[in-house]
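Let me begin by presenting the structure, written as structure tokens, before commenting on it.
Basis for what follows: all heavy atoms, side chains included, without hydrogens, waters or symmetry-related copies.
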2 protein chains.
Amino acid sequence: MEKIIIIEDDPAISDLIKLNLELAGYDCRQAYSGQEAQCILTDFSPDLVLLDISLPDMEGYELLDRFKNSEVPVIFLTARSALIDKVKGLKMGADDYIVKPFEAMELLARIEAVLRRYGRKSDRMDFGGLEIDLEERTVKRDGFIVDLTLKEYELLLLLIHNRNKALSREKILEHVWDYEYIGETRTVDIHIQKIRKKLGWEDRIKTVYKFGYRLEVLS
Amino acid sequence: MEKIIIIEDDPAISDLIKLNLELAGYDCRQAYSGQEAQCILTDFSPDLVLLDISLPDMEGYELLDRFKNSEVPVIFLTARSALIDKVKGLKMGADDYIVKPFEAMELLARIEAVLRRYGRKSDRMDFGGLEIDLEERTVKRDGFIVDLTLKEYELLLLLIHNRNKALSREKILEHVWDYEYIGETRTVDIHIQKIRKKLGWEDRIKTVYKFGYRLEVLS
DNA sequence: AAATAAAGTTTACAACTTGTTTACAACTTG
DNA sequence: CAAGTTGTAAACAAGTTGTAAACTTTATTT
């Protein structure tokens, strides 16, 4: 699980980002000022830095300066008004930038891209007999490929990212299906049944009655 | 005990919120208008503000504006479910929002989340071998997940919030079952038995003869 | 562009879970 | 000890989830 530090002075924006990244399976830490960031960095070595360039007192630039000689990739966040900042930032060594306000999906895409470029630690995951390769988009069970459809695969990833957490049907719909569903639907249930069967995870994917599902993994 | 101010013009809603928050162990004060809120704030420094955004004369937004530079977190209540309003509120500095009509449990969950974010409460609680994670909605006993049904879970939370206090059956019914039961019922008793067994808390949840139950915890 | 195949969703009903009641045993209290 | 209260097991109804199959949409092939 990759670690990301969010350096952003507006708590609302910071929290929003955190929420999305955590659902996507990243381990986040928040810093609301340059100073706080320094503190956190001492015992949290992130795999990626999200940096708001417009922190008070030019702190953003100072921090960027500090990061550029390190191994850690930096994506910076900037308000639309400061177009010049982008160029400046990239020249100073940022790996990417994103303009506020941005879509959650766009941010996630850029994060994935940057991490890939930096040769992320592992695109492979292992769960008791199950091997998942994010880059190849393949899932193997006892060495043999299990054919998962798009929705099945995304559902599996969501479950894995939130292992041991109870996920409500609404959350699942929002993230795999991209919309807030109005009214009744059994879609989530049916897809859960499908991956339960294909993966032989009948016991591992628990039903949380009247709520949703939870993937239980020991480790 | 955290202090919360409820700024809401509809007395019925305000009272309902107050009742629930007090049962959950918060110290509440009510304001029915923006002006009244100002007065109360002079000698009641809340740890959290619950603000109805649709007060008459746009007072809600004005107040939010005033709070955003203070240290106090704000959750706003809105009747409108429009996404735009939510975003608007969050941008203006609210820490969370909740759309009316809402469930008591949802409001409590959000309050806990915001207070936690502000470094007051921890996400996890520990009670002699029992680990409760409010966010994941999981309860672990010696590291293993204990499956609790909805009512069992809510009953457990109520007991914990009122630990060492004797809770009458009526209070328990009101809070967990959402209604004032007319006549006889053994429902509470049976659910108490169930969580006693599941958690191994046979001794910790004491029976208060002819009254109700009490969760006894040392610390 | 039509035919075909695959994926995704809805429907219908079976199977199961939960919450509640009932019945009776065991306990508390005066 | 008697009356009332609580513990416990079992039965039940209501509602939720599992499952197969029909149906709709989307993608692929010809």
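- Among C/dG8, C/dT10, C/dG19, the nucleotide with an atom closest to any side-chain atom of B/K151 is C/dG19.
- Within the helix from C/dA1-D/dT30 to C/dG30-D/dC1, the inter-axis angle between the opening and closing five-pair segments is 40°, rounded to 10°.
- Atom CG in A/L155 sits about 11 Å away from atom P in C/dT9, given to the nearest Å.
- Atom NZ in A/K206 sits roughly 15 Å away from atom C1' in C/dT17 (whole-Å rounding).
- Look at B/T149 and you won't find any side-chain N or O under 4.0 angstrom from OP1 or OP2 of C/dT17.
- For the pair A/D189 and B/T207, nearest-nucleotide mapping onto DNA chain D gives the more 5' position to B/T207.
- Among A/L21, A/D15, A/N20, A/L19, the single residue meeting the side chain to side chain contact (heavy atoms under 4.5 Å, CB included) criterion with A/I17 is A/L21.
- In this structure, the side chains of A/R204 and A/L215 come closer than 4.5 Å at one or more pairs of heavy atoms.
- To the nearest 0.5 angstrom, A/K194 atom NZ is 15.0 Å from A/L156 atom CG.
- For the atom pair A/I13 CD1 and A/D52 CG, the distance stands at 7.5 Å (nearest 0.5 Å).
- Remark: P of C/dT17 and NZ of B/K198 are 11 Å apart, rounded to the nearest angstrom.
- In summary, the side chains of B/D189 and B/Y213 do present a donor paired with an acceptor at a separation below 3.5 Å, with no hydrogens or angles considered.
- Here the C1' atom of nucleotide C/dT9 and the CZ atom of A/R169 are 15 Å apart, to the nearest Å.
- Using a 4.0 Å cut-off between a side-chain N of Lys or Arg and a carboxylate O of Asp or Glu, A/E152 and A/K198 qualify as a salt bridge.
- Within the nucleic acid shown, A/Y153 has no heavy atom closer than 4.0 Å to any nucleic acid atom.
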Protein proximity profile, nucleotides 22-30 of chain C - base contact B, sugar-phosphate-only contact S, no contact -, cut-off 4.0 Å on heavy atoms: BB----BS-
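- A/E22 and A/N162 are not linked by any side-chain donor-acceptor pair at a separation below 3.5 angstrom, with hydrogens and angles left out of the test.
- A/D47 contributes a side-chain N or O that, together with a main-chain N or O of A/K3, makes up a donor-acceptor pair within less than 3.5 Å.
- A/K151 NZ: more than 12 foreign heavy atoms inside a 6.0 Å radius.
- Chain B approaches DNA chain D over the interval D/dG4 to D/dA9, counting the first and last nucleotide 5' to 3' with an atom under 4.0 Å from its heavy atoms.
- Rounded to an integer number of Å, the gap from NE2 of A/H191 to P of C/dA7 is 11 Å.
- Between B/E152 atom CD and C/dT20 atom C1' the separation is 13 Å, expressed in whole Å.
- Distance B/I192 CD1 to C/dG19 C1': 15 Å, rounded to the nearest Å.
- Nucleic acid contact for A/K194: base, since at least one base atom lies under 4.0 Å from a heavy atom of the residue.
- Regarding contacts with the backbone of C/dG19, every side-chain N or O of B/W177 stays at 4.0 angstrom or more from both OP1 and OP2.
- Within the 4.5 Å cutoff, side-chain heavy atoms of A/R163 are placed close to those of A/I160.
- The phosphate of C/dT9 has neither OP1 nor OP2 within less than 4.0 Å of any side-chain N or O from A/T185.
- Side-chain contact check for B/I145 versus A/E216: some heavy-atom pair is nearer than 4.5 Å.
- A cation-pi geometry, defined here as NZ or CZ lying under 6.0 Å from the six-membered ring centre and within 45° of its normal, does not hold between A/R169 and A/F211.
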